[in-house]
Structures are given as C-alpha cells and as structure tokens.
Q: 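After the structure tokens below, expect a handful of questions from me.
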Amino acid sequence: MPNNTFRFIPFLFASVLAASPVFAAKSTLPPITGFTAGDMPYDSGSIALLAWDADAGGDTAAAVSPGTLYRVFVSSLETGGWIKAAEFPAGEKMSKNIELPFWAWKVQGNTHALKVELNNYFSGFKDGTVFYFKIAKVKGAAAIESEVVSSVTVSNWFRLDRLNNLILLIILIIVFFWAVFHARRKGLFIRRIAGLDAIDEAIGRATEMGKPIFYVPGIGSMSSISTIASAFILGEVSKKVAQYDSQIKVPHYDPIVMTVCKEVVKQSYMEAGRPDSYREDINQFVSADQFSYAASVDGMISREKPAACFYMGYFMAESLLLAEVGATSGAIQIAGTDVEHQLPFFFTACDYTLIGEELYAAGAYLSKEPMLLSALKVQDFGKLVVMVSVFFSMILVALGARFGWEGFVRGILHLFRNY
Amino acid sequence: MSETWIIIGGWLAAGLTIFLFSFLYKDNPFFKIAEHLYLGAGMGWLFQVSVTNVWIPKIWEPVSKGELLVIIPSIMGLSLLTQFIPKISWISRYGFTFMMGYGSGLAIPAGLSTDFMSQIEGTIKPFSLLASMSPFAIFNSALIAFGAICVLFYFFFSVEHKGHLKKVSNVGIYFLMIYFGAAFGNTVMARFSLLYGRFDDLYTFSGAKYLYATQFILTGMVIYFLVYALFAGRSKNAIKA
C-alpha cells in the first residue's frame with residue numbers, strides 16, 4: 001500500500017500540472033517579454049501603441065513556428081471586460097511595419113509593434129483615459145498570457161511625420177516672396193498661351209456683331225481653385241468688355257461665387273473707367289442644381305445667340321451640354337477647366353481650350369499682376385521640384401533596389417510619402 | 001399609389017423627357033416648359049434639402065438643446081446675405097474672409113500631400129521592386145515616369161518652349177491626348193448608358209398600361225411642329241409679298 005501511494009503522488013502531481021494551461025504553455029511556448037503599452041505619437045489621441053519582444057518568443061522570421069498566434073485584448077477596466085482587438089500570426093506586425101517615416105519612428109530590431117484603434121471599441125473617451133491591455137500567445141491548445149499593462153492616450157499638436165510637407169511648404173512660401181520681390185522690380189516672364197490670345201479676338205467679334213458675351217464660371221464653389229482662377233479671368237475679360245462697350249452675361253450656379261463675381265466685374269468696370277456701363281444683372285443666379293442650370297444656360301445661349309462664350313472654371317457633366325449648344329449657335333468659344341475628364345468635350349466643341357494649369361496661369365498672363373505672377377512662379381517651382389525629384393529618385397531607388405540597399409530605398413520613399 | 005397616379009406619373013416623365021429631347025430639333029415652347037419646370041423643381045428641392053439637412057439638424061436642434069455656440073457660425077453664414085443690402089454689405093466680408101481662410105487652411109496641406117508628395121511617391125515606388133519586376137513592368141514604370149516629366153514640362157510657363165524643349169513639351173501633349181482620348185471614350189460610354197435609360201423609360205411608357213403616353217406625346221409634338229412650320233412659312237411669304 002505505501003508503495004502504491006508513493007507511486008500515485010507523482011502521477012497526480014503531473015496530471016494536475018499538465019491540465020493547467022499555464023503550465024502547458026510554459027512547457028511549449030516561451031513567455032512574452034518586454035510588453036509595453038503607450039500613446040501612439042503624432043495622432044489625434046485615439047490610438048495606443050503596444051510593443052513586445054519578438055526574440056524571446058521565437059518570432060524572428062526564421063524561427064516563427066507555424067500556427068503560433070497572438071491575440072491582443074483591450075479593456076477600460078483593469079480586471080475584466082476584455083475585448084479582442086487583434087489576432088495575427090507570430091512574425092507579423094513588427095516594429096518596421098509601423099507606417100511612420102525614419103525621422104519620426106525608430107525601428108526596434110525584433111520587436112512586435114501594434115497600433116490599437118481605441119475608437120473601434122470605446123466611444124466618447126477623452127485624453128488621459130486609462131486603458132488596459134494584455135496579449136495571449138496561442139499555439140494549438142497551448143496558450144500563455146502576458147501581464148496586464150495600462151496606458152493613456154493623448155492627442156498631439158504637432159505631427160512630426162508630416163515634417164516633409166512642412167519643409168516643402170516653407171520652401172514654397174520663401175520662393176513666393178522671392179518671386180513677388182522680383183515681379184515688382186522687373187517683372188517675370190510667362191510663355192505665350194495660345195487660348196488666351198484669342199480672348200481679345202472673341203470680345204472684338206462680339207463688339208462688332210453687337211451681340212452679348214456669355215461667361216460661364218462653372219459649377220464649382222468658391223473654395224475650388226479653378227473657380228478662383230475663373231474669377232481672375234472674368235475680371236480681365238469684363239475689363240476688356242467695358243473698354244469696348246460690349247455686353248457680358250455671367251449666369252451662376254453658386255450664390256457665393258455670384259457675389260464674388262459681382263464685385264470682380266464691378267471693380268473691372270471701374271478700372272476701365274466705365275462705371276456707368278455696369279449693370280447689376282450682368283451676374284445672374286440661375287440654379288444650384290447642376291442639370292437645371294445647364295438646361296437654363298442652354299436656353300439662354302440658344303435664344304440670345306451670343307458672339308462669344310467663355311467656359312472657365314469647374315465643370316462636370318454639363319460641359320458638353322453647354323459647349324455643344326454654344327457651338328451650334330455659332331459663337332466663338334474658349335474653355336478652360338482643371339477637370340481632366342471634361343476637357344475632351346471642350347476640345348471637341350470649343351475653338352480654344354485651356355488645359356488644367358493653363359487656367360491657373362491665365363489670370364496672371366492677362367493681368368501681369370505681380371502677386372498672380374508670383375503665384376504662377378511658385379507653381380512652376382513646384383513642378384520643377386516634382387520633375388527633378390521624380391527623375392533622380394527614380395534612378396536612386398532603382399539602384400538601391402538593384403543592389404539591395406533596403407534602408408536607402410525606404411528612406412527615399414519616406415521623403416515623399418503622404419502620411 | 002392608385003393606378004391613375006401611376007399613369008399621370010408616366011405621362012409626366014415621358015412628356016418631360018421628350019420635351020427636353022425636342023431641343024435637339026430647335027428651341028421651342030415645349031423645351032421652355034420643361035426647362036423652367038426643371039429649374040423651379042431643382043431650386044425647390046435644394047431649398048428643402050437645405051432646410052431638412054442643414055437648418056434643422058445643424059442649427060435648430062442644437063440651439064433647442066442649449067448648444068448656443070452654433071449661433072456664431074450661423075451669424076457668419078447669415079452675414080453673406082447682407083450683400084443684398086448695399087449699406088451694410090461690408091458685413092459679408094467677415095463671412096467671406098472666414099470661408100476663404102478655413103478653405104485655404106484645409107486645401108493647402110491636403111493639396112501638398114495628395115497632389116505633390118503622393119504623386120512623386122506613386123511614380124517612383126514601382127522602382128523599389130525592381131528586383132522582382134518583369135522587363136515589361138520596368139518599361140511600363142519608366143514610361144509613366146517619363147510621361148509625367150514631359151507632361152509637367154508642358155505646363156511649365158517660365159521658359160519659352162522652343163528647340164529641344166519644345167520636343168519635350170510636344171511629347172507631353174501626346175501623352176495628354178492619349179489620356180484625353182481614353183477619358184472621352186469612357187465618358188461617352190457612360191453617357192450612352194444614361195441615354196439607354198431614358199429610351200428604356202420611354203419604351204415602358206409607350207405601353208397600354210400608361211395609355212400609350214410616349215406615342216401620343218410624340219405625335220402631338222410632331223403635329224405642332226408641322227402646323228407651326230406651315231403657318232410660319234405662310235407668314236414669311238405674306239411678308240415677302
């Protein structure tokens with residue numbers, strides 16, 4: 001009997017330990033070490049960043065054992081209420097996979113790093129709220145859990161990851177002021193833009209024929225760059241119209257654009273020395289509904305048979321509806337838009353078309369205003385930066401990829417990444 | 001919905017579609033009816049959208065709950081209406097200034113990121129996979145980069161495009177035209193599908209269920225145009241005589 005008892009005790013002890021998952025895990029899975037939780041830098045305060053060692057868990061790319069998973073849990077309570085936030089195989093979600101540039105993120109060797117979007121699980125929390133995290137490493141029936149760690153998240157004022165954008169913006173601002181300085185002193189050169197030289201011809205034709213000119217500023221709002229460019233062109237066109245004592249009509253889609261254009265046209269008439277010729281009904285509101293606007297402007301063009309039509313600004317599906325009617329009415333037509341998929345319709349129906357950037361350049365080209373010329377020079381500088389960057393980066397990245405300079409290639413790509 | 005209303009709806013839809021299509025022949029009273037109805041209906045619809053989607057949820061309800069801060073942007077918005085009263089129209093400048101300011105603040109960083117940085121990265125990124133790329137993929141990536149540089153040069157206004165520079169600019173135009181051709185074809189196909197949709201509706205409304213709305217309206221309009229042409233011709237002859 002004593003012998004039997006002696007034999008039974010180790011068997012019982014072994015059975016109990018084997019039934020315990022912790023022991024089972026310890027017997028097959030190494031412990032999770034270096035587990036920390038912190039605030040994700042350069043965010044709006046809703047992301048926590050978890051990190052833990054990969055080496056100790058045997059998670060290096062070569063040592064990943066198939067079927068090993070990490071489960072990440074989050075809770076607003078220390079003792080319970082755990083919500084599974086992520087599950088992924090060991091060897092994934094490493095520190096190098098965090099999408100931050102090299103100047104804002106230091107890659108930690110073999111370390112797992114995971115962003116937990118707390119907004120997905122909790123709502124209405126504020127900066128400073130404490131959250132608790134734990135991870136479990138699972139392989140088959142074996143599992144091991146980390147200790148519980150806590151963290152608070154805070155929103156950040158400065159996004160270091162966007163430093164590249166800031167530097168570029170500062171350079172562009174410096175170039176702008178340099179260009180303003182030079183434009184005021186000795187002017188700046190702009191190459192000839194064919195479509196704009198035709199504006200005088202179109203206005204002269206309308207004056208000779210005694211017919212009105214239609215200037216359609218499109219359906220963009222005042223925040224659209226093409227609408228702003230259109231307002232500049234309208235200023236120059238209406239100045240010439242005032243000088244020639246011709247007539248202009250500007251049908252509007254957006255009441256705010258109409259208000260701005262009213263001021264622009266009024267100012268142009270005053271600058272031309274013809275304030276008496278200005279009429280309040282030059283700018284008229286038609287409709288804020290796209291196709292009823294198009295139908296109405298089509299009706300006006302077909303009835304009044306203008307000598308010239310200008311379509312400058314932001315256009316969508318109404319572009320061909322307008323330009324086609326203008327063409328059949330026999331008007332000389334000049335169009336300009338930065339909506340690239342509408343440009344082909346203007347090409348087919350108009351005499352001259354300003355493509356994209358030419359529309360932005362038009363205001364400066366016509367007015368020779370130092371401020372506008374400077375803005376154009378900055379745009380050119382931006383294009384030069386893009387051309388040079390693409391050319392040299394393409395070569396460097398190709399060389400880096402060819403010779404396996406991974407860090408070098410990643411560094412170049414980071415310089416131009418949109419974070 | 002009763003059968004009568006469905007028939008009336010069918011006649012209205014078929015009638016307005018045909019009235020608007022009649023503009024392809026020439027400007028006429030039917031088109032004018034449809035045009036003005038469309039204009040009025042469009043404005044009415046937008047007004048109710050403004051009231052139900054903006055005024056009630058964004059101003060009325062917050063103010064009713066005591067969130068008085070929304071009054072500040074509301075006043076700035078209302079300031080734009082002072083444009084209609086010349087004596088106090090200067091007030092509208094505050095609203096405009098704010099709109100231009102926040103518009104620029106939103107647009108400039110977003111523009112820099114998406115129109116500038118992302119475009120450069122997107123053009124050079126394929127080369128980072130050079131080791132695993134097929135010769136055709138390498139050629140494709142190089143062609144895109146070359147095209148991007150040439151097209152950008154076409155829009156470069158600071159130098160006169162002549163000599164070798166003109167050749168680069170011309171290559172840029174070819175790239176643009178290829179894109180525009182593809183965009184044109186794509187959009188025309190989309191427009192055709194809209195046209196088929198209208199024809200399909202007209203076919204539906206030509207059935208007995210809708211009391212042959214399409215046929216009656218079309219016939220009525222053709223008779224009108226014939227009679228009009230006849231009388232217009234007579235009156236012209238009378239004037240000549």
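Just so it is clear: chains get the letters A, B, ... in the order the sequence lines come, proteins before strands, and each one is counted from 1.
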Q: Between Phe291(A), Phe391(A), Phe189(A), Phe347(A), who has the most heavy-atom pairs with chain B when the cutoff is under 4.5 Å?
A: Phe189(A)
Q: Please look at Leu384(A) and chain B and tell me whether the side chain, the backbone, both or neither of the residue comes under 4.5 angstrom of a heavy atom of that chain.
A: both
Q: Below 4.5 Å from any heavy atom of chain A, which atoms of Leu46(B) appear? Answer side chain, backbone, both or neither.
A: side chain
Q: Name the region of Met133(B), side chain, backbone, both or neither, that has any atom closer than 4.5 Å to a heavy atom of chain A.
A: neither
Q: Could you tell me how the ring of Phe225(B) sits relative to the ring of Phe30(B): parallel (under 30°), tilted (30 to 60°) or perpendicular (over 60°)?
A: perpendicular
Q: Heavy atoms, side chains only, cut-off 4.5 Å: are Phe19(B) and Ile217(B) in contact?
A: yes
Q: Between Ser296(A), Ser221(A), Ser393(A), which has the largest tally of heavy atom pairs under 4.5 Å with chain B?
A: Ser296(A)
Q: How about Phe21(B) and Leu195(B): do any of their side-chain heavy atoms sit closer than 4.5 Å?
A: yes
Q: Are Leu343(A) and Thr337(A) side-chain neighbours, meaning at least one heavy-atom pair lies under 4.5 Å?
A: yes
Q: When you compare the side chain of Val385(A) with that of Phe116(B), does any pair of heavy atoms fall below 4.5 Å?
A: yes
Q: Using heavy-atom distances under 4.5 Å, tell me whether Tyr102(B) contacts chain A through its side chain, its backbone, both, or neither.
A: neither
Q: Out of Leu130(B), Leu106(B), Ile149(B), which one racks up the most heavy-atom pairs below 4.5 Å with chain A?
A: Ile149(B)
Q: Side chain from CB out, backbone as N, CA, C, O: work out which of these in Val386(A) comes under 4.5 Å of a heavy atom of chain B, or both, or neither.
A: both
Q: Answer with yes or no after comparing the ring centroid distance for Tyr94(B) and Phe98(B) against a 6.0 Å cut-off, counting only values under it.
A: no
Q: Are the aromatic ring centres of Phe153(B) and His161(B) under 6.0 angstrom apart?
A: yes
Q: For the candidates Met222(A), Lys377(A), Arg402(A), which exhibits the highest count of non-hydrogen atom pairs separated by less than 4.5 Å from chain B?
A: Lys377(A)
Q: At a heavy-atom distance under 4.5 Å, which candidate from His36(B), Lys32(B), Met99(B) has the highest pair count against chain A?
A: Lys32(B)
Q: With chain A, which of Thr114(B), Leu112(B), Ile120(B) has the greatest number of heavy-atom pairs at distances under 4.5 Å?
A: Ile120(B)
Q: Should the pair Arg191(A) and Tyr154(B) be classed as cation-pi, given the thresholds of under 6.0 Å to the six-membered ring centre and 45° from the axis?
A: yes
Q: Side chain, backbone, both or neither: which part of Thr123(B) has a heavy atom under 4.5 Å from chain A?
A: side chain
Q: Any sub-3.5 Å donor-acceptor pair from Trp103(A)'s side-chain atoms to Leu160(A)'s backbone N or O?
A: yes
Q: Side-chain contact, heavy-atom cut-off 4.5 Å: Lys166(B) with Glu160(B)?
A: no
Q: Could you look at Thr348(A) and say if it's the side chain, the backbone, both or neither that has a heavy atom under 4.5 Å from chain B?
A: side chain
Q: Below 4.5 Å, heavy atoms only, C-beta onward: do Leu376(A) and Ile190(A) meet side chain to side chain?
A: yes
Q: Please verify the inter-ring angle class for Phe345(A) with Phe184(B); under 30° counts as parallel, over 60° as perpendicular, anything in between as tilted.
A: tilted
Q: Tell me, for Ile355(A) versus chain B, whether the close heavy atoms (under 4.5 Å) come from the side chain, the backbone, both or neither.
A: both
Q: Any idea which of Phe31(B), Trp45(B), Phe23(B) has the most non-hydrogen atom pairs under 4.5 angstrom with chain A?
A: Phe23(B)
Q: Non-hydrogen atoms of chain B under 4.5 Å away: do they reach the side chain of Phe285(A), the backbone, both or neither?
A: side chain
Q: For chain B, find which of Ile193(A), Ile225(A), Val397(A), Asp380(A) contributes the most heavy-atom pairs closer than 4.5 angstrom.
A: Asp380(A)
Q: Flag the pair Leu143(B) / Phe175(B) as yes when at least one side-chain heavy-atom distance between them is below 4.5 Å, and no otherwise.
A: yes
Q: Checking heavy atoms, do the side chain of Phe146(B), its backbone, both or neither come under 4.5 Å from chain A?
A: neither
Q: Heavy-atom pairs under 4.5 Å with chain A are the metric here; pick the option from Ala131(B), Ser128(B), Ala183(B), Ser141(B) that has the most.
A: Ser128(B)
Q: Among Glu406(A), Lys262(A), Arg410(A), Glu358(A), which has the most heavy-atom pairs under 4.5 Å with chain B?
A: Glu358(A)
Q: Please report whether the ring centroid of Tyr365(A) lies less than 6.0 Å from that of Phe157(B).
A: no
Q: Which of the residues Gln119(B), Met100(B), Arg191(B) is involved in the greatest number of heavy-atom pairs with chain A at under 4.5 angstrom?
A: Arg191(B)
Q: Under a 4.5 Å heavy-atom cut-off, does chain A meet the side chain of Leu37(B), its backbone, both or neither?
A: neither
Q: Is Val325(A) close to chain B through its backbone or its side chain, or both, or neither, when contacts mean heavy atoms under 4.5 Å?
A: side chain
Q: Are any of the side-chain heavy atoms of Lys125(B) and Phe416(A) separated by less than 4.5 Å?
A: no
Q: Which bit of Leu39(B) is near chain A, if near means a heavy-atom gap under 4.5 Å: side chain, backbone, both or neither?
A: both
Q: Please classify the contact between Ile256(A) and chain B as side chain, backbone, both or neither, with a heavy-atom cut-off of under 4.5 Å.
A: both
